[in-house]
Amino acid sequence: MLTVKLICAGRMREKFYIEAFREYEKRLAAFCKFETAEIPEVKTGDDPGEKEIQAALAREAADILEKIPAGAYVIALCVEGKKLSSEGLASLLAERALSGTSKVCFVIGSSNGLHPDVKRRADFRLSMSDMTFPHHLARVMLAEQIYRAFTINAGRKYHK
């Protein structure tokens with residue numbers, strides 16, 4: 001069974017995001033071993049300069065890279081990434097499983113994004129949209145899309 005790990009910067013606090021995410025965690029249990037790891041988001045001032053932002057991203061990157069399982073296929077969510085359809089994500093996950101990969105790791109950075117070291121470690125860079133979403137909403141959306149991908153690959157009727 002494929003292990004899918006989601007590494008996220010920051011802790012969800014909004015009850016509605018937490019409940020939605022838990023629903024997809026529960027659904028995903030039928031298809032994979034689903035894990036979540038939260039790392040602390042490094043706080044910056046109200047109007048941080050580039051140096052402060054890069055220092056915060058570097059500290060987050062160290063925590064993120066430490067959480068990535070050995071041998072995992074890493075997918076980093078970033079604005080410059082490639083956009084995929086739901087079917088495209090399903091194909092990517094199926095290809096990873098068929099290639100013998102046992103672990104796929106998705107990474108969602110903080111509100112400042114991801115440090116270049118994390119992007120370099122990534123095997124694939126994924127963009128969800130040209131639009132900007134709150135990071136906690138993106139986490140729920142990603143969990144739903146991973147669930148959708150598994151239902152597509154299983155031939156279930158969830159995806160229309």
Side-chain angles (χ1 to χ4, degrees), residues 2-29 32-86 88-90 92-93 95-96 101-150:
L2 191 66
T3 296
V4 176
K5 184 171 187 175
L6 182 54
I7 301 172
C8 308
R11 185 169 305 279
M12 282 198 294
R13 289 178 172 74
E14 300 89 346
K15 185 178 178 184
F16 52 93
Y17 287 146
I18 293 168
E19 289 174 359
F21 187 77
R22 283 190 182 141
E23 177 61 29
Y24 290 109
E25 271 184 320
K26 185 174 71 179
R27 292 181 186 193
L28 280 163
C32 65
K33 181 179 178 193
F34 188 73
E35 304 171 350
T36 306
E38 293 179 332
I39 61 114
E41 181 174 358
V42 176
K43 301 295 181 203
T44 57
D46 289 339
D47 189 21
E50 188 59 28
K51 192 173 183 178
E52 184 181 1
I53 290 171
Q54 288 306 312
L57 290 176
R59 285 187 301 218
E60 291 169 357
D63 290 340
I64 289 168
L65 293 169
E66 184 179 291
K67 299 275 185 196
I68 295 173
Y73 184 86
V74 178
I75 301 171
L77 274 71
C78 46
V79 294
E80 71 274 13
K82 182 177 179 180
K83 292 176 194 71
L84 294 176
S85 64
S86 297
L89 181 60
L92 178 64
L93 290 176
E95 288 167 11
R96 292 298 91 215
T101 302
S102 63
K103 299 172 192 148
V104 175
C105 185
F106 289 87
V107 180
I108 299 177
S110 66
S111 58
N112 290 314
L114 288 170
H115 189 270
D117 288 349
V118 177
K119 293 178 185 182
R120 277 191 289 275
R121 170 58 184 90
D123 298 293
F124 189 86
R125 295 180 188 178
L126 176 66
S127 172
M128 293 182 78
S129 172
D130 288 333
M131 293 184 261
T132 302
F133 301 105
H135 284 76
H136 299 147
L137 177 58
R139 189 185 309 192
V140 174
M141 293 168 55
L142 178 60
E144 189 280 335
Q145 283 298 299
I146 295 168
Y147 173 71
R148 183 178 297 272
F150 277 108

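Computed from a prediction, not measured in an experiment: that's the story for all the values here.
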Minimal non-hydrogen separation, G45 against P48, with atom names: O-CD, 3.2 Å
Closest approach of V42 and R59, non-hydrogen atoms and distance? CG1-NH2, 2.6 Å
How long is the straight-line distance from CZ of F21 back to OG1 of T36, given to the nearest 0.5 Å? 3.5 Å
Within-4.5 Å side-chain heavy-atom neighbours: L114 and I64: yes
Side-chain contact test, heavy atoms from C-beta onward, threshold under 4.5 Å: evaluate it for K33 versus K5 and give yes or no. no
Check ion pair E23-K26 (N to O, under 4.0 angstrom): yes
In this structure, CG of L2 is separated from CG of L93 (nearest 0.5 Å) by 7.0 Å
Closest non-hydrogen atom pair, G109 against A9: C-CB, 3.6 Å
Flag side-chain contact, heavy atom, 4.5 Å: M141 against E144: no
Could you tell me which non-hydrogen atom of A20 sits nearest to which non-hydrogen atom of V140, and how far apart they are? CB-CG1, 3.7 Å
In sequence, state the C-alpha distance, the side-chain angles, and the governing distance for S111 and E41, and then conclude on side chain to side chain donor-acceptor pair (under 3.5 Å). CA-CA 8 Å; S111 58; E41 181 174 358; 3.0 Å; yes
Where do I75 and L92 land on the side-chain contact (heavy atoms from CB on, under 4.5 Å) test, with the steps shown first? CA-CA 10 Å; I75 301 171; L92 178 64; 3.7 Å; yes
Look only at the side chain of T101 and the backbone of K103, and say whether a donor-acceptor pair between them is shorter than 3.5 Å. no
Pairs where residues 122-149 contributes a residue and the test ring-ring contact (aromatic ring centres under 6.0 Å, His included) is met, not counting sequence neighbours: F31-Y147, Y147-Y158
Test side chain to side chain donor-acceptor pair (under 3.5 Å) applied to K119 - qualifying residues, sequence neighbours left out: E80
How long is the span from the CE atom in M128 to the CG atom in L84, to the nearest 0.5 Å? 11.0 Å
Scan the side chains in residues 65-73 for donor-acceptor partners under 3.5 Å anywhere in the protein, sequence neighbours excluded, and list what turns up.
none

Before you tell me yes or no, could you show the steps for I39 and S110 under side-chain contact (heavy atoms from CB on, under 4.5 Å), namely the whole-Å CA-CA distance, both residues' side-chain angles and the distance that decides it to 0.1 Å? CA-CA 9 Å; I39 61 114; S110 66; over 6 Å; no
At what distance, to the nearest 0.5 angstrom, does OH of Y17 lie from CZ of R139? 11.0 Å
Take R121 and D123 through the test salt bridge (charged side-chain N to carboxylate O under 4.0 Å, His left out) and record every step on the way to the result. CA-CA 7 Å; R121 170 58 184 90; D123 298 293; 3.5 Å; yes
Heavy-atom check, side chain of V4 versus side chain of L28, under 4.5 Å: no
Measure the spacing between CZ of R125 and CZ of R120 and express it to the nearest 0.5 Å. 8.5 Å
Sole residue of E52, E50, K51 in side chain to side chain donor-acceptor pair (under 3.5 Å) with Q54: E50
CG (L6) and SG (C105) are apart, to the nearest 0.5 Å, by 8.0 Å
Side chains of E60 and V118 in contact at under 4.5 Å (non-hydrogen atoms): no
